[in-house]
Amino acid sequence: MKLKRLIAFSCFCGFAQIIFAQKETIIKPNELWPDDKGNHIQAHGGGIIKLGKTYYWYGEERAQGLDSNYRYVSCYASKDLMNWTFKGDVVKMSDPDSMGAKWILERPKVFYNKKTKKYVMYMHIDSKNYKTAQVAIAVCDKPDGRFKYVKRFRPLGHESRDIGQFIDDDGTPYLVFEDRPFGFRIATLSADYMNVEKEVCLIPAHMEGGAIVHYKGLYYSIGSALTGWKANPNKYATAKSLSGPWSEFKDIAPPETNTYGGQSTMLLKVEGTKGTTVIFLADVWKPKTQWDSRYIWMPLEIGDGKLWVPEPKPWTIDVKTGENKLVEALNVGQN
Ligand code: GAL
């Protein structure tokens, strides 16, 4: 009997390994997204950087059963944007300098400084009523090591809630931050990335989840309205220079869909040998079951000053060629 059980158990483990090792070839917006261990990816309000051939995705770790005395930032690595390996929680932080109970850590973004060889993480840090409105910085020598908290402050003296990260084609890093009630600000970082140095622009629009991409000579910025965890129609504006002038804001999706239930968090440009895909990354928040919050990633229709998120559907990307395809388009002709 014992032997039978052992055999059954080993078969199950083998089977589970096969399932978990299975390669993802499709991005499925709004569905559970298993990492290499089969767990739903916990990288909410995230940010992605590419180092060599590897993409690192950092985000809010909101798994069930975490110690509520700490706040966590997770890190995942991938070479194809579809299969993600969990590298662990790179931040496990206790209350920095007496923020008080239920303090908040959201929207972590990591920048790599080539000169200092340091990985510098910016995050929105706040007290439970969102009145502190600061950024915090943590630093590490590795992209996936434990980051060490350094300090918290208001960038350039301004309130800062949702933050976004933008790295221009020449490598210049920018922090995008929401300064209520003025709008969202774009600012450069100091040479060591340990400070927010100079304001480049204040876009006088009341927006959260700010993100920017530079595509074919134009800057596109997107953001959501201020409705907390509830989705709303996200919008975009364009400018020839980051300092503006910025165009008026327009819808990125049919407004009645409230951005298909998602809130912007980043625009990721994937340049390949045959083309460029710009991906819209959004969070579909589930405030009462945050661990189950989903992601909408969709390749954008973008160019000539227009930006549009098509209806979310399964799709695939080839990071080498930069091409993307909807799965339904791939299936055509196979019947
Ligand atoms: C959203 C924001 C999230 C979180 C939430 C709290 O608007 O983008 O990061 O702060 O509000 O209500």
Side-chain angles (χ1 to χ4, degrees), residues 30 41-48 57-63 66 68 71-74 91 93 95-96 99-110 121-136 138 152 154-155 158-166 175-186 203 205-212 221-236 249 251-253 255 257-268 280-297 309:
N30 218 352
I41 292 176
Q42 293 293 321
H44 312 284
I48 293 183
W57 180 2
Y58 301 89
E60 299 159 23
E61 157 77 271
R62 292 178 176 274
L66 294 173
S68 61
R71 302 292 172 270
Y72 300 80
V73 176
S74 55
V91 168
M93 204 160 105
D95 181 351
M99 306 271 311
K102 298 197 176 159
W103 63 280
I104 289 155
L105 187 170
E106 290 176 344
R107 297 187 178 263
K109 316 283 171 208
V110 171
M121 182 185 294
Y122 276 73
M123 32 201 157
H124 169 201
I125 206 105
D126 229 319
S127 37
K128 73 172 184 199
N129 54 10
Y130 284 94
K131 291 261 161 63
T132 302
Q134 290 183 330
V135 291
R152 60 182 173 96
R154 284 192 168 174
H158 299 300
E159 291 189 15
S160 172
R161 292 189 177 81
D162 277 8
I163 57 167
Q165 134 185 68
F166 173 58
L175 188 76
V176 179
F177 59 99
E178 193 247 331
D179 174 15
R180 217 166 296 173
F182 298 102
F184 71 89
R185 298 186 191 264
I186 307 168
I203 307 183
H206 304 301
M207 298 193 117
E208 296 188 312
I212 295 177
S221 73
I222 57 164
S224 78
L226 314 181
T227 57
W229 301 120
K230 266 178 65 190
N232 56 61
N234 293 189
K235 293 185 185 291
Y236 81 99
F249 278 85
D251 286 319
I252 66 170
T257 70
N258 285 329
T259 323
Y260 310 108
Q263 183 191 19
S264 62
T265 188
M266 188 166 188
L267 293 169
L268 182 66
F280 170 68
L281 281 70
D283 293 286
V284 180
W285 299 110
K286 299 197 181 177
K288 295 211 175 89
T289 50
Q290 281 287 18
W291 56 89
D292 190 37
S293 294
R294 308 290 171 89
Y295 312 98
I296 291 180
W297 286 23
V309 186

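Remember, it's a predicted structure, so these values are computed and weren't measured experimentally. Only heavy atoms go into these numbers, but all of them, side chains included; no hydrogens, no water, no symmetry mates. In each ligand, atom 1 is the first atom listed, and ligand 1 is the first ligand listed.
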Based purely on interatomic distance, does E106 place a nitrogen or oxygen under 3.5 Å from a nitrogen or oxygen of ligand 1? yes
Provide, to 0.1 Å, the distance between atom 6 (C) of ligand 1 and the closest protein heavy atom, together with that atom's residue and name. Y130 OH, 3.3 Å
Please confirm whether the backbone N or O of D292 pairs with a side-chain atom of T289, one donor and one acceptor, at under 3.5 Å? no
Measure the spacing between CZ of R152 and CD of Q134 and express it to the nearest 0.5 Å. 4.5 Å
Nearest protein heavy-atom contact for atom 1 (C) of ligand 1: which residue, which atom, what distance? G228 O, 3.3 Å
Heteroatom distance test (E208, ligand 1): nitrogen or oxygen, under 3.5 angstrom: yes
Please write down residue, atom name and distance for the protein heavy atom closest to atom 8 (O) of ligand 1. D162 OD2, 2.5 Å
Do any nitrogen or oxygen atoms of W285 lie less than 3.5 angstrom from nitrogen or oxygen atoms of ligand 1? no
Donor-acceptor check, side chain of S160 to backbone of F177, threshold 3.5 angstrom: yes or no? no
Counting distance only, does the side-chain N/O of R161 pair as donor-acceptor with the main-chain N or O of E208 below 3.5 Å? no
Side-chain donor or acceptor of E106 paired with backbone N/O of E60 under 3.5 Å: no
Is the contact between Q263 and ligand 1 made by the side chain, the backbone, both, or neither, using heavy atoms and a 4.0 Å cut-off? side chain
Quick one: do R185 and E159 make a salt bridge, cutoff under 4.0 Å? no
How far is atom 9 (O) of ligand 1 from its nearest protein heavy atom, and which residue and atom name does that atom have? R107 NE, 3.0 Å
Without swapping roles, check the side chain of T265 against the backbone of G46 for a donor-acceptor pair under 3.5 Å. yes
Check: G209 N/O within less than 3.5 Å of ligand 1 N/O: no
